Visitor: 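My questions will all concern the structure given below.
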Amino acid sequence: VGIDNLSRGTRSNLDEALRHPAFHFFEADLADIASFRRIVANFGITTVWHIAANSDIPGGIADPNVDLRDTFQTTFNTLLVMREADVRRIAFASTSAVYGVHDEVLREDSGPLFPISNYGAMKLASEALISAAVESFLERAWIFRFPNVIGSRATHGIIFDLLKKLKANPPDLEVLGDGTQQKPYLHVSDLLDAMLIVHERGSDALNYFNIGPADEGTTVLNIAQAVLREASPLTPLRFTGGNRGWIGDVPKFRYSIEKIKRLGWQPKLTSTQAIDRAVVEICRQLCVESL
Ligand SMILES: NC(=O)c1ccc[n+]([C@@H]2O[C@H](COP(=O)([O-])OP(=O)(O)OC[C@H]3O[C@@H](n4cnc5c(N)ncnc54)[C@H](O)[C@@H]3O)[C@@H](O)[C@H]2O)c1
């Protein structure tokens with residue numbers, strides 16, 4: 001059973017799933033508690049995978065209501081409906097943004113946790129709410145702290161944005177920041193693999209894991225160059241300057257994935273390999289969308 005209000009997702013991204021006879025999709029807002037309740041009550045749901053959130057971080061800075069509603073209230077309502085329907089297992093898509101800015105390699109017990117975006121703040125609050133729910137009614141929770149995730153069927157993100165800008169045929173390609181921002185990038189196929197393994201093997205009441213590639217990440221400059229190589233080799237780059245692309249952008253971070261490796265998961269792709277693959281995939285996707 002899938003629920004999405006399609007505010008940022010698209011129905012066409014679900015084409016393959018919709019062909020499966022056992023899959024049911026509901027276009028509904030998780031803020032609409034009555035229809036959410038009805039959907040959960042009508043199916044024998046045992047685990048909720050709570051993935052819905054705001055994915056426009058600058059948008060959430062411009063209007064703080066966005067992350068309150070789509071990042072936090074979605075978690076609050078999900079837990080409320082789960083408690084009523086006696087659903088006791090939740091898997092939750094969290095983020096590196098809960099850590100805020102740190103120089104050291106981020107481990108699951110790094111702190112203090114002071115996010116610098118409303119999005120990160122509302123994800124951290126969601127994690128806290130899940131932790132509290134483990135004390136009261138949840139039997140098990142799995143929290144996945146994603147890094148930057150890239151790959152096919154993208155709806156946003158750096159590669160998507162750069163390719164969209166290139167499609168408008170500008171004299172140069174605008175890149176937010178000075179290109180030195182450096183972060184780990186994980187291909188969505190590796191992410192799914194990791195989530196399934198954590199769900200299968202994480203046997204504590206509250207399981208929480210960083211998921212990421214096994215490297216120090218790659219720079220925005222490298223990503224912009226990979227995009228140009230694939231789509232428009234002669235277009236020059238133009239940087240807007242500063243080491244942050246937008247308010248709330250964490251300019252650099254590195255992830256420790258030692259904890260998830262102990263569960264037996266290894267990423268297949270490096271950040272650079274993931275970028276190269278995602279550039280081809282998203283380039284193809286945007287060409288098809290324009291037909
Ligand atoms: N992509 C990344 O790099 C990244 C990094 C860290 C965490 N995450 C997390 O992963 C999850 C998926 O993100 P994504 O990148 O695929 O973004 P996405 O925007 O494609 O997916 C989020 C989905 O949530 C839906 N949604 C939002 N508010 C809703 C509401 N009130 N009711 C019902 N549906 C609602 C949107 O329509 C969208 O389809 C999110 O929780 C996000 O915070 C993503």
Side-chain angles (χ1 to χ4, degrees), residues 1-14 17 25-37 39-40 48-60 63 65-78 80-81 90-99 106 115 117-127 130 142-161 181 183-192 194-195 208-213 217-218 220 223 245 248-250 253 255 271 274-275 278 281-282 285:
V1 178
I3 306 175
D4 196 305
N5 65 0
L6 300 182
S7 55
R8 294 175 200 88
T10 65
R11 192 178 281 271
S12 61
N13 271 353
L14 292 172
F25 176 68
F26 296 92
E27 185 175 338
D29 197 308
L30 299 182
D32 173 5
I33 200 102
S35 53
F36 189 8
R37 237 181 224 131
I39 295 164
V40 172
V48 170
W49 291 73
H50 174 33
I51 315 286
N54 168 42
S55 51
D56 175 6
I57 295 164
D63 177 3
N65 287 302
V66 171
D67 277 300
L68 176 64
R69 186 190 62 223
D70 290 340
T71 307
F72 182 70
Q73 189 96 42
T74 52
T75 310
F76 184 86
N77 288 355
T78 297
L80 201 66
V81 168
I90 189 168
F92 175 61
S94 190
T95 165
S96 58
V98 299
Y99 290 105
L106 296 172
S117 60
N118 293 333
Y119 165 76
M122 294 297 97
K123 283 285 188 186
L124 182 56
S126 295
E127 287 194 6
I130 289 170
W142 300 269
I143 292 174
F144 315 108
R145 292 183 178 154
F146 298 180
N148 288 288
V149 182
I150 48 174
S152 56
R153 291 183 272 178
T155 58
H156 61 96
I158 181 169
I159 298 172
F160 184 84
D161 288 347
Q181 304 101 299
K183 311 174 199 191
Y185 288 83
L186 189 71
H187 193 267
V188 67
S189 54
D190 263 340
L191 176 79
L192 288 176
M195 289 165 82
Y208 54 105
F209 289 88
N210 289 344
I211 305 180
T218 190
V220 163
I223 299 170
D249 182 22
V250 175
F253 71 91
Y255 247 2
S271 290
I275 293 288
E281 289 170 346
I282 300 172
Q285 168 192 336

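The analysis underlying the following values was restricted to heavy atoms, covering all of them including side chains, and did not include hydrogens, waters or symmetry mates. All ligand and atom numbering here is 1-based and tracks the order in the structure. These numbers were taken from a predicted model, which means no experiment stands behind them.
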Visitor: Quick test of your reading of the structure: of Thr155, Val98, Ile51, Val66, whose heavy atom lies closest to atom 11 (C) of ligand 1?
Guide: Ile51
Visitor: For atom 16 (O) of ligand 1, what is the closest protein heavy atom, and at what distance to 0.1 Å?
Guide: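 Of every protein heavy atom, His156 NE2, 4.6 Å lies nearest to atom 16 (O) of ligand 1.
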Visitor: Would a distance-only check, ignoring hydrogens and angles, find a side-chain to backbone donor-acceptor pair under 3.5 Å from Glu27 to Leu6?
Guide: no
Visitor: Below 4.0 angstrom from a heavy atom of Thr95, which ligand 1 atoms are there? Numbered from 1 as shown, please.
Guide: 6 (C), 7 (C)
Visitor: More than 12 heavy atoms of other residues, nucleotides or ligands under 6.0 Å from CZ of Phe36: yes or no?
Guide: yes
Visitor: Within a distance under 4.0 Å of any heavy atom of Asn148, pick out the atoms of ligand 1 and give their elements.
Guide: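 Those qualifying, in numeric order: 3 (O).
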Visitor: If you scan the protein for heavy atoms around atom 24 (O) of ligand 1, do you find one that is closer than 4.0 Å?
Guide: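 Yes, at least one protein heavy atom sits under 4.0 Å from atom 24 (O) of ligand 1.
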Visitor: Which heavy atom of Thr74 sits nearest a heavy atom of Thr78, and at what distance?
Guide: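 It is O-OG1, 2.5 Å.
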Visitor: For ligand 1 and Gly9, I'd like to know whether there is a polar contact (N/O to N/O, distance under 3.5 Å).
Guide: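 N/O-N/O distance under 3.5 Å: yes.
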Visitor: Might you point out which heavy atoms bring Tyr185 and Ile150 nearest each other, and give the distance in Å?
Guide: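 Scanning both residues, the minimum pair turns out to be CB-CD1, 3.9 Å.
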Visitor: Holding to side-chain contact (heavy atoms from CB on, under 4.5 Å), I want the full list of residues that pass it with Asp190, two or more places apart in sequence or in another chain.
Guide: Leu186, Trp265, Pro267, Lys268, Leu269
Visitor: Between Asn210 (side chain) and Leu106 (backbone), is there a donor-acceptor pair under 3.5 Å?
Guide: yes
Visitor: Please list, in number order, the atoms of ligand 1 under 4.0 Å from a heavy atom of Ala52.
Guide: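 In order of numbering, the contacting atoms are 24 (O), 26 (N), 34 (N), 35 (C).
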Visitor: Mark up the atoms of ligand 1 that fall under 4.0 Å of a heavy atom belonging to Thr74, in ascending order.
Guide: 30 (C), 31 (N)
Visitor: At their closest point, which heavy atom of His50 faces which heavy atom of Ala52, and how far apart are they?
Guide: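 Heavy atoms of His50 and Ala52 come nearest at CE1-O, 3.3 Å.
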Visitor: For atom 5 (C) of ligand 1, what is the closest protein heavy atom, and at what distance to 0.1 Å?
Guide: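 I find the closest protein heavy atom is Pro147 O, 3.0 Å.
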Visitor: Under 4.0 Å, counting heavy atoms only: does Ala97 come that close to any atom of ligand 1?
Guide: no
Visitor: So how far is it from Asp56 CG to His156 NE2, rounded to the nearest 0.5 Å?
Guide: 9.0 Å
Visitor: For salt bridge (charged side-chain N to carboxylate O under 4.0 Å, His left out), just list the numbers for Asp63 and Arg69, CA-CA rounded to whole Å, side-chain angles, deciding distance to a tenth of an Å, and then say yes or no.
Guide: CA-CA 11 Å; Asp63 177 3; Arg69 186 190 62 223; 5.8 Å; no
Visitor: Quick check: closest heavy atoms across Lys123 and Ala53, and the distance to 0.1 Å?
Guide: NZ-CB, 3.5 Å
Visitor: Looking only at protein heavy atoms, which one is nearest to atom 32 (N) of ligand 1, and what is the separation?
Guide: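 In this structure, atom 32 (N) of ligand 1 has Leu30 N, 3.0 Å as its nearest protein heavy atom.
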Visitor: Pairing donors with acceptors under 3.5 angstrom, does anything connect the side chains of Arg145 and Tyr99?
Guide: yes
Visitor: Identify the heavy atoms of Gly60 and Asp67 that sit nearest to each other, and give their distance.
Guide: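 Of all heavy-atom pairs spanning Gly60 and Asp67, the closest is CA-OD2, 3.3 Å.
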Visitor: Parallel, tilted or perpendicular for Phe72 and Phe76, by the 30°/60° rule?
Guide: tilted
Visitor: Give the atom numbers and elements of ligand 1 that come within less than 4.0 Å of a heavy atom of Lys123.
Guide: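 Every atom of ligand 1 under 4.0 Å from some heavy atom of Lys123: 40 (C), 41 (O), 42 (C), 43 (O).
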Visitor: Quick one: OG1 on Thr75 to CG on Asp70, what's the gap to the nearest 0.5 Å?
Guide: 10.5 Å
Visitor: At what distance is the nearest protein heavy atom to atom 44 (C) of ligand 1, and which residue and atom is it?
Guide: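 For this ligand atom, the closest protein heavy atom is Phe146 CD1, 3.8 Å.
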Visitor: Give yes or no for whether the N/O distance cutoff of 3.5 Å, strictly under, is met between Asp70 and ligand 1.
Guide: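 It does: an N or O of Asp70 is found under 3.5 Å from an N or O of ligand 1.
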Visitor: State the atoms of ligand 1, each with its element, that fall below the 4.0 Å cut-off from a heavy-atom position in Tyr119.
Guide: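 Under 4.0 Å from Tyr119, ligand 1 has these atoms: 6 (C), 7 (C), 8 (N), 9 (C), 42 (C), 43 (O).
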Visitor: Counting heavy atoms only, which of Ala53, Gly2, Ser55, Ala93 is nearest atom 22 (C) of ligand 1?
Guide: Ala53
Visitor: With a cutoff of 4.0 Å, is Ser7 in contact with ligand 1, counting heavy atoms of the residue only?
Guide: yes
Visitor: So which protein heavy atom does atom 35 (C) of ligand 1 come closest to, and at what separation?
Guide: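 Here the closest protein heavy atom is Asn5 OD1, 3.2 Å.
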Visitor: Considering the heavy atoms of Leu6, write down every atom of ligand 1 situated less than 4.0 Å from one of them.
Guide: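 Per the distance check, 37 (O).
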Visitor: Tell me the nearest of Thr75, Asp4, Val149 to atom 37 (O) of ligand 1, using heavy-atom distances.
Guide: Asp4
Visitor: Protein heavy atoms near atom 3 (O) of ligand 1, is at least one of them under 4.0 angstrom away?
Guide: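 Protein heavy atoms within 4.0 Å of atom 3 (O) of ligand 1 - there is at least one.
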Visitor: Any N or O of Arg69 that comes nearer than 3.5 Å to an N or O of ligand 1?
Guide: no
Visitor: Please could you name the atoms of ligand 1 that Ser94 approaches to less than 4.0 Å, counting only its heavy atoms?
Guide: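 Those qualifying, in numeric order: 6 (C), 7 (C).
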Visitor: Can you find an N or O of Asn54 that's nearer than 3.5 Å to an N or O of ligand 1?
Guide: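 No, Asn54 has no N/O under 3.5 Å of an N/O on ligand 1.
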